[in-house]
Amino acid sequence: MLNDPVLTHDWHVVALASELQEGKTMAVRLLEEDLVLWRVGEKICAWQDLCIHRGTRLSLGKVENETLACPYHGWVYNRDGQCVRYPAHPSQQPSERARAKVYRAREKYGWIWVCLGEPANDIPLFPQWDDSSYRKVHCGPYTYRASAPRAIENFLDITHFPFVHQAYLGDPEHAEVNDYAVETHENGITASNITVWQPDPDGSGQGANVSYTYRVYRPLTAGFVKSSAGPHFAMFFTITPVALDLSRVWAYVAVDYNNLTDTEIREYQNLITLQDVPIVESQRPELLPLDLQAELHLRSDRTAIAYRKWLKQLGLSFGTA
Ligand code: FES
Ligand code: CO
């Protein structure tokens with residue numbers, strides 16, 4: 001397990017809640033820790049994926065009668081992670097030490113979140129989730145063979161739009177960005193009213209300026225709202241730090257208009273993401289440099305500068321250099 005002083009105590013999405021079915025196990029990986037997920041109704045179990053007897057993966061086992069049985073010698077664990085039966089010695093009371101390593105797990109926004117330590121913060125607020133004027137469309141997960149902080153910084157970066165997303169989110173002839181304001185507060189970063197030109201922001205076929213406001217909620221969770229004259233397009237974006245060089249990106253698009261279907265929104269987002277992935281995977285060094293002297297910055301990079309400073313202030317070590 002990668003023990004980062006910040007991420008160990010943060011909540012991380014590890015799975016889509018709808019994919020964790022009762023009676024089944026699911027194997028996931030978080031901060032290089034292999035986890036088995038299983039559920040009993042609302043109760044979600046997230047354990048180290050390892051049987052204490054001989055180190056077998058519990059995710060290969062069987063869920064039955066609100067217990068999980070190891071596939072190797074059939075030790076039966078209850079939902080609290082305590083072994084309650086050794087099949088080879090049915091009358092022997094299992095030792096208290098015969099326990100799975102149990103982590104905290106919660107379901108929110110249709111995702112399963114896990115914390116490997118003591119949660120230092122609540123799961124971040126997705127502002128549009130309870131706002132019925134916004135339709136939420138799930139996108140991803142997307143795999144990036146890159147560090148999670150590099151991938152978050154790409155999400156926060158607006159000046160790549162005209163180049164990486166030419167004809168979709170920008171145009172090289174209109175690449176100028178205004179001098180926007182960034183504020184770092186106790187609970188993250190806000191970058192307000194970043195104005196850029198887009199070829200067709202509202203489906204009318206006309207280019208126009210749009211305005212983005214970004215929020216960074218936690219080191220690996222962020223969002224934005226984009227507003228043009230009419231419609232709003234928001235995103236909530238969070239990354240599973242699977243390993244130093246492996247990230248899984250989960251996102252919701254939230255829109256307050258109806259002229260695109262869920263499938264169209266998802267396909268659009270898949271296309272935009274596929275444009276970002278090779279760029280982010282190509283970045284060197286792989287780990288995000290927190291020393292501001294290490295790379296060059298422009299005024300328009302002030303969100304990234306604030307992000308790097310904030311990570312340094314928090315003491316994040318994972319995925320950074
Ligand atoms: Fe799990 Fe033996 S390894 S019961
Ligand atoms: Co992009």
Side-chain angles (χ1 to χ4, degrees), residues 25 27 34 36 38 45 47-64 67-78 81-90 92-95 97-102 139-140 142-144 146 148-172 175 177 191 194 196-199 201 210 212 214 216 222-224 226 233-237 239 247 249-251 253 265-283 288 300-301 303-304 307:
T25 62
D34 289 310
V36 54
W38 61 290
C45 305
W47 303 349
Q48 189 179 44
D49 192 4
L50 183 137
C51 176
I52 194 91
H53 180 217
R54 288 291 180 268
T56 306
R57 274 186 186 273
L58 290 171
S59 56
L60 301 174
K62 221 188 261 161
V63 178
E64 239 167 25
T67 62
L68 174 56
C70 177
Y72 201 4
H73 314 96
W75 285 22
V76 176
Y77 293 86
N78 71 14
Q82 175 64 45
C83 177
V84 292
R85 183 176 151 84
Y86 303 139
H89 308 283
Q92 184 180 337
Q93 169 83 18
S95 152
R97 287 178 46 239
R99 292 185 64 83
K101 185 160 186 197
V102 174
C139 300
Y142 305 109
T143 297
Y144 287 52
R150 281 282 195 200
I152 289 281
E153 205 180 83
N154 166 257
F155 176 76
L156 302 174
D157 182 301
I158 206 138
T159 57
H160 77 279
F161 288 3
F163 304 95
V164 178
H165 309 301
Q166 182 172 358
Y168 296 96
L169 294 176
D171 182 279
V177 174
I194 310 175
V196 288
W197 187 90
Q198 289 190 339
V210 293
Y212 281 81
Y214 281 81
V216 183
F224 69 72
K226 169 168 96 169
F233 178 104
M235 277 190 85
F236 188 72
F237 186 97
I239 300 186
S247 303
V249 171
W250 307 81
V253 166
I265 288 175
R266 219 171 270 130
E267 279 172 359
Y268 183 80
Q269 214 48 52
N270 293 351
L271 183 145
I272 296 294
T273 304
L274 284 180
Q275 293 174 333
D276 282 318
V277 167
I279 298 286
V280 176
E281 291 185 347
S282 81
Q283 287 180 281
L288 188 77
S300 48
D301 294 320
T303 316
Y307 179 59

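Computation of the quantities below employed the complete heavy-atom set of this structure, encompassing side-chain atoms and omitting hydrogens, waters and symmetry-equivalent molecules. Atoms within a ligand are numbered from 1 in the order they appear, just like the ligands themselves. Along the sequence shown, residues are numbered consecutively beginning with 1.
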Take a 6.0 Å sphere around OH of Tyr168 and say whether it holds more than 12 heavy atoms from other residues, nucleotides or ligands. no

Polar side chain donor-acceptor pair, Asp276 to Tyr144, under 3.5 angstrom: no

Within the 2.8 Å cut-off the protein N, O or S neighbours of atom 2 (Fe) of ligand 1 are His53 ND1, His73 ND1

Side chain to side chain contact (heavy atoms under 4.5 Å, CB included) assessment of Lys226 paired with Leu169: CA-CA 12 Å; Lys226 169 168 96 169; Leu169 294 176; 4.2 Å; yes

Side chains of Cys70 and His53: closer than 4.5 Å at any heavy-atom pair? no

May I ask you to check whether Asp157 brings an N, O or S atom to under 2.8 Å from the Co ion (ligand 2)? no

Taking the Co ion (ligand 2) as the vertex, measure the angle between atom NE2 in His165 and atom OD1 in Asp276; round to 10°. 90°

Apply the side chain to side chain contact (heavy atoms under 4.5 Å, CB included) test between Thr303 and each candidate in Ile194, Ile158, Asp157, Thr159; give the one that qualifies. Ile194

Checking Ser59 against Asp49: is there a side-chain donor and acceptor pair closer than 3.5 Å? yes

Compute the ring centroids of Phe237 and Tyr214, then answer whether they are less than 6.0 Å apart. no

